[in-house]
Amino acid sequence: MVDQEKSLFTSVHLHTNVTCIEVIANHVFAGIGRCLNIFDADNHLVKKQNVFKSDVIFGIKPNSELNKLIVYGQKSITLVPVCCDSLELGKSEEHSLTDWILCARWIDDDTKFVTVSMHNEVILWTQDFRSQTSVICEVKCLVYSAYICFKRWKELLILSGTVFNEILLWRPSSVNLQNGLSTVVKTLKKHNGVIFCIDVDVDKGLICTTSDDRSAVLWKLRNPETLTDETVIHSQRLQITAECQVYGHTSRVFKCLILPTAFATAGEDSFVILWTFRGDLIRKLSSHQGGPVWALGYHSGTDCLYSGRADGGLQRFTYKCAAEEIVMQLPATEQPRHVAILDSRSMLCMSESGTLYQEGECKFQLILGKHRDLQKYSLLRVSPCRKLAALAGYEGQIYIYRSINAEVRLIHQYFLKSKLRILAFHWLDCRRFVVLQQTTVTLHFIHQETIRVADIFELPAGPKGRFTTCACARNKHLIIGDSVGHIYSFILGNRLPVDVIRNAHSHLGVTQLYVSHNKVISLGKNGFIKDYAIDELTGQLECTRSHQTNFGWLTAIERGDYILSFSGNTFRVSDVQSGVLLEARCGGGHRSWDCASDDRGNLLFSFIKQKMIHKMTFDLNSYKPSNLIQGCHSRAINCMKLVACDDSLLMLSGGEDTMLRIMAIPADGSVRVLDCLKVHLSSIRALHLHQLGRDYKDQLLVSAGGRAQIISWHLQIWSETRVTCTERYNFYEASSHDEGETRIMDLSTAHIDNHLVLFAGCSTGCVKVFEILDDLTLLYQKAVVHSNYSITKLTCITQYQLLASMATDGALSFWHISEAVPSEPLQSYALHQSGINSFSCSVQKNELVVLTGGDDNCVTLSLFLIRPLGRSTTICKVHQFQNKSIHCAQITGALLSKRYAITSSIDQRIVLSKWTCLHNQVRMIQTFTYNTAVTDLHGLEGTFGQRLCAYGDGFEILDVNVPMPQSTDDVLDDVDAKDNQHRQAPL
């Protein structure tokens with residue numbers, strides 16, 4: 001195993017791509033980066049240990065006694081002793097090969113093992129890693145996938161997936177004596193792209209292959225007994241045909257797995273799809289994050305399927321899901337118009353003739369009532385308790401039925417005085433409802449045996465055909481949504497609305513309104529879920545959160561967790577964290593349908609299609625996946641902020657997936673996602689925190705990124721696991737078609753004349769200036785253009801009222817900000833040959849020490865002297881130290897403490913250096929290097945709690961035993977004499 005450097009760095013948590021899954025003796029072994037993670041039968045993480053120094057784990061193969069594992073990845077391989085009872089891992093030695101390892105397997109009674117490399121070579125190894133035999137296939141080409149059949153060297157059959165769209169079958173034991181190469185037994189051709197994965201079930205005689213042509217092919221071995229016959233060297237005797245070729249993915253298909261009664265495929269589009277052996281679609285599983293699925297695993301004892309994803313998530317799905325569908329019809333000559341589900345799980349159906357039927361024993365034969373006045377037009381609406389059902393008609397008539405112990409009877413007949421057509425009917429609860437006639441909304445309540453008018457409201461004039469779609473009530477407030485996307489707020493006693501939010505859900509319309517935790521929640525056909533706070537006195541609505549889902553036509557939220565939506569004629573049930581749980585073909589959301597859930601976790605869905613009534617029942621408990629590891633960003637993390645909360649860590653991150661995530665990291669290193677906000681139109685490039693109160697619990701959070709979008713949030717930390725992040729202002733400056741997109745690259749704040757000012761560095765070379773008002777909204781002030789080079793970093797040095805900006809030309813510029821930002825900087829210094837990607841600084845009396853890293857692979861430590869003279873402040877560079885050998889790629893992160901400097905790079909190395917400042921000269925010496933498993937590093941973030949987080953394509957949290965700055969935005973105060981002695985002490 002790879003030993004940790006406990007004196008300086010200790011890995012607390014690694015969250016990156018899950019690249020390998022293997023189920024061994026009821027335990028799940030997962031390869032995450034270089035770390036081997038073990039989960040018990042209850043899905044709890046019980047063991048994790050680094051296996052390689054830097055390479056990623058791509059395969060885990062146990063021996064027959066389950067006491068030793070072959071673990072391999074990239075060019076590294078090792079044998080790991082394991083005890084499946086205690087789940088203890090023994091020590092092992094990492095070995096590096098000369099070629100990329102695609103597959104490995106134990107053979108010859110587990111005394112030896114073989115590997116298949118990327119150049120189509122098989123090597124036979126002893127357990128002490130002595131190579132006994134090496135055989136190369138006669139087809140010399142790159143292969144992207146391989147599979148090893150059988151456990152005897154003489155019987156071995158290798159299946160190799162080439163870059164030329166072929167699957168080669170060849171035997172290492174059968175070598176041509178003339179050229180020393182192994183002869184190809186069979187070549188399978190069906191794909192039109194690189195072969196990414198091969199899986200074989202010899203007992204079933206099945207082979208499954210996937211490719212970047214977005215397809216998977218299931219092959220059938222007609223005579224599988226010939227596979228073990230080493231004398232078979234001609235393709236004529238080995239009969240393999242394509243059973244089916246399936247296209248269900250929208251992008252490359254990376255993985256496949258043959259299951260007992262089906263096969264599974266997973267791809268770049270984040271979907272895991274289950275197919276029958278005939279090629280029929282069984283189920284489509286979606287990850288909400290949208291990242292690729294890299295790994296699949298199967299537990300035969302529990303019939304569970306595991307998937308590992310690019311967002312670092314590891315999920316478990318139930319292989320077989322419980323679902324039932326019943327198709328019914330009305331008596332002859334009758335056609336259904338509306339359907340509804342009651343609390344007794346029975347259904348109501350309104351026919352075109354005005355007859356109301358009740359379902360009984362899966363038939364519609366019981367007639368509840370005949371309403372001839374409803375033949376031409378009718379509405380059927382069920383109350384939230386599903387005990388009441390209302391029929392509304394063209395001339396203001398209302399019939400209310402009540403269900404008691406599965407018996408339904410008519411309890412109210414009510415006729416509105418206006419006798420106008422009822423355009424909409426909405427239940428508020430089981431005693432109140434509202435109806436719409438023309439533009440008049442009437443609130444009614446049921447009192448014993450009568451229906452009374454409680455209040456009358458008037459909608460503003462709207463487009464022709466506009467009608468209300470939903471309504472909810474809270475205390476004395478009535479909230480109504482309409483078909484063109486507007487939301488109206490009424491107060492009882494006021495006929496006109498006190499507030500109107502126009503285009504709350506674009507022109508497509510609002511689909512549902514309900515009250516939860518004293519907030520009004522709205523759903524729309526544009527795929528947005530919005531939270532509104534309502535003022536008790538004025539009735540004004542304020543949007544506190546706007547979340548864009550990956551689903552289109554949202555219709556309702558069931559049981560608080562499940563999102564119901566439509567996509568064409570497909571009904572979807574989704575979960576915010578897990579994505580699409582189930583899909584069902586139906587008549588579409590524009591036709592009559594209803595959906596309800598019961599206490600046993602069943603979901604009932606009824607709809608009308610082709611004049612037939614369908615009733616589907618789903619066991620949601622079998623559809624909902626469980627997370628062994630919660631997913632994070634599916635694409636690279638661009639920015640991150642850490643907040644120390646007692647014994648835990650609060651992590652705020654933004655990335656290329658446009659998501660703003662808030663996660664809690666307890667002391668044990670586990671990850672819990674507290675909130676996920678999708679408001680940004682493009683990638684998030686910068687985050688900034690400004691403390692509002694006396695402690696960390698009240699903060700201003702500003703996020704910014706592509707399309708020059710800046711959003712201010714009010715972050716309130718109530719506990720280690722409870723956080724609210726309320727959107728306060730969304731600044732977006734639309735650009736014309738002939739202009740390039742402007743990105744906000746960095747943010748910083750400063751107090752100027754009792755005003756809080758926000759500075760935003762732009763990719764166009766300008767600095768945008770905003771005033772942050774008391775309600776945390778942004779007031780745009782001006783834009784100062786500095787140069788044609790993109791500004792990459794900003795920081796405010798508040799002691800001297802200075803703003804420091806860095807750009808892609810490698811220059812560091814200082815601005816004076818006592819009153820306003822001038823048109824020209826005070827001074828500019830060229831620190832790098834190209835762009836500056838990272839920085840950190842320390843202020844000690846009149847000395848400013850700046851640590852920068854750039855695209856030129858150079859780490860620069862600069863010493864400046866500051867002479868404060870009001871607006872005539874002078875800044876002079878005294879000394880500069882550069883080191884180009886610390887990293888071998890561009891520098892992406894830099895942190896500076898009073899004695900130490902830490903830098904990170906694309907080369908995945910985190911370097912700790914010690915720096916000194918003596919006689920106006922700075923010096924930095926490298927002391928330790930840590931190799932992180934996080935690829936494409938974008939930056940570093942540290943806290944006074946001495947924890948460091950490296951982020952990029954995932955993140956890794958490290959315990960650091962040296963003093964660290966709280967944030968790259970913080971400027972350290974003057975140090976005392978003791979600290980100064982430490983700083984100047986010899987290394």
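Numbers here are sequence positions counted from 1.
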If only atom types and distance count, is the side chain of S489 paired as donor or acceptor with the main-chain N or O of G539 below 3.5 Å? yes

Judged by atom type as modelled, is there a donor-acceptor pair below 3.5 Å linking the side chain of N857 to the main-chain atoms of Q890? yes

Under the 3.5 angstrom rule, does the side chain of Q709 hit a backbone N or O of L681 as a donor-acceptor pair? yes

Find out whether S712 and I772 are in side-chain contact, i.e. whether some heavy atom of one side chain is under 4.5 Å from a heavy atom of the other. no

Do you know the tightest heavy-atom contact between V673 and R661? CG1-NH1, 4.3 Å

For H15, which residues count as a ring pair (Phe, Tyr, Trp, His ring centres under 6.0 Å) partner, sequence neighbours excluded? H13, F955

Let's go through H477 and V498 carefully: what are the C-alpha distance in whole Å and the side-chain angles of both, what is the deciding distance for side chain to side chain contact (heavy atoms under 4.5 Å, CB included) to 0.1 Å, and is it a yes or a no? CA-CA 10 Å; H477 305 284; V498 295; 6.0 Å; no

Does Q801 use its side chain to pair, donor to acceptor, with the backbone of I752 at less than 3.5 Å? no

Could you pull out all residues at least two apart from K768 that satisfy salt bridge (charged side-chain N to carboxylate O under 4.0 Å, His left out)? E733

Give the minimum heavy-atom separation between S913 and M924, together with the two atoms involved. CB-CG, 3.4 Å

For the aromatic rings, using the six-membered ring if either is Trp, is the centroid distance between H751 and H690 under 6.0 Å? yes

Measure the CZ-CG distance between F864 and L812 for me, rounded to the nearest 0.5 Å. 5.0 Å

Considering all heavy atoms, the nearest G706-E741 contact: CA-OE2, 3.3 Å

Are L958 and R947 close enough, and set up right, to give a side chain to side chain contact (heavy atoms under 4.5 Å, CB included), and what steps lead you there? CA-CA 6 Å; L958 303 169; R947 278 196 168 177; over 6 Å; no

Side chain to side chain contact (heavy atoms under 4.5 Å, CB included) evaluation trace for V671 with C632: CA-CA 9 Å; V671 176; C632 184; over 6 Å; no

A side-chain contact here means heavy atoms from C-beta on lying under 4.5 Å apart; do L948 and L940 qualify? yes

Check whether any side-chain N or O of T544 sits under 3.5 Å from a backbone N or O of A533 as a donor-acceptor pair, and report yes or no. no

Which is it for Y800 and N846 under the side-chain hydrogen bond (donor to acceptor under 3.5 Å, both in side chains) test, yes or no, and what are the steps along the way? CA-CA 9 Å; Y800 301 102; N846 289 338; 3.0 Å; yes

Within the structure provided, determine whether I711 and L677 are in side-chain contact (heavy-atom separation under 4.5 Å). no

Expected output: side-chain N638 to main-chain I684 donor-acceptor under 3.5 Å: yes

Exercise: identify the closest heavy-atom pair between I791 and C766: CD1-O, 3.7 Å

Side chains of Y532 and I479 in contact at under 4.5 Å (non-hydrogen atoms): no

Considering only heavy atoms from C-beta outward, does the side chain of I957 approach that of M651 to under 4.5 Å? yes

With heavy-atom distances below 4.5 Å as the criterion, would you say the side chains of L649 and V643 are in contact? no

Aromatic rings Y829 and F814: how do their planes relate, parallel, tilted or perpendicular, breaks at 30° and 60°? perpendicular

Roughly how far, to the nearest 0.5 Å, is CD of E771 from CG of D774? 8.5 Å

To check you understand the geometry: which heavy-atom pair defines the closest contact between S904 and L937, and what is its length? CB-CD1, 3.9 Å

Between S763 and S790, do the side chains contain a donor N or O and an acceptor N or O under 3.5 Å apart? no

Side chain to side chain, Y780 and L778, heavy atoms closer than 4.5 Å: no

Report yes or no: does W713 contribute a side-chain atom to a donor-acceptor pair with the main-chain N or O of T724 at less than 3.5 Å? no

Do S840 side-chain atoms and L851 backbone N/O form a donor-acceptor pair below 3.5 Å? no

Sequence neighbours excluded, which residues qualify as salt bridge (charged side-chain N to carboxylate O under 4.0 Å, His left out) partners of E720? none

Would you say that L896 contacts W915 through its side chain, given a criterion of any heavy-atom pair below 4.5 Å between the two side chains? yes

What is the minimum heavy-atom distance between T742 and C762, and which atoms define it? CG2-CB, 4.1 Å

Evaluate the side chain to side chain contact (heavy atoms under 4.5 Å, CB included) criterion for residues K530 and I487: first the C-alpha distance (whole Å), next the side-chain angles of each, then the deciding distance (0.1 Å), finally the verdict. CA-CA 11 Å; K530 296 188 176 184; I487 296 178; over 6 Å; no

Taking salt bridge (charged side-chain N to carboxylate O under 4.0 Å, His left out) as the definition, give me every residue that meets it alongside E542, ordered by chain and number, with sequence neighbours left out. R728

Sub-3.5 Å donor-acceptor pair from the side chain of Q833 to the main-chain atoms of D856, do we have one? no

Could you state the interatomic distance from CG (L918) to CZ (R923), rounded to the nearest 0.5 Å? 10.0 Å

Count the heavy atoms of every other residue, nucleotide or ligand shown that sit under 6.0 Å from OH of Y789, and state whether that count exceeds 12. no

What I want to check is whether the side chains of H879 and N920 have a donor and an acceptor closer together than 3.5 Å. no

Checking side-chain hydrogen bond (donor to acceptor under 3.5 Å, both in side chains) for the pair T658/K678: CA distance, chi angles, key distance, verdict? CA-CA 6 Å; T658 74; K678 184 176 176 61; 2.9 Å; yes

When you measure from the side chain of S506 to the backbone of G485, do you find a donor-acceptor pair of N or O atoms at a distance under 3.5 Å? no

Suppose the criterion is salt bridge (Lys or Arg N to Asp or Glu O under 4.0 Å): which pairs have a residue in residues 686-702, not counting sequence neighbours? none

Please enumerate all residues that pass salt bridge (charged side-chain N to carboxylate O under 4.0 Å, His left out) together with D907, with sequence neighbours excluded. R909

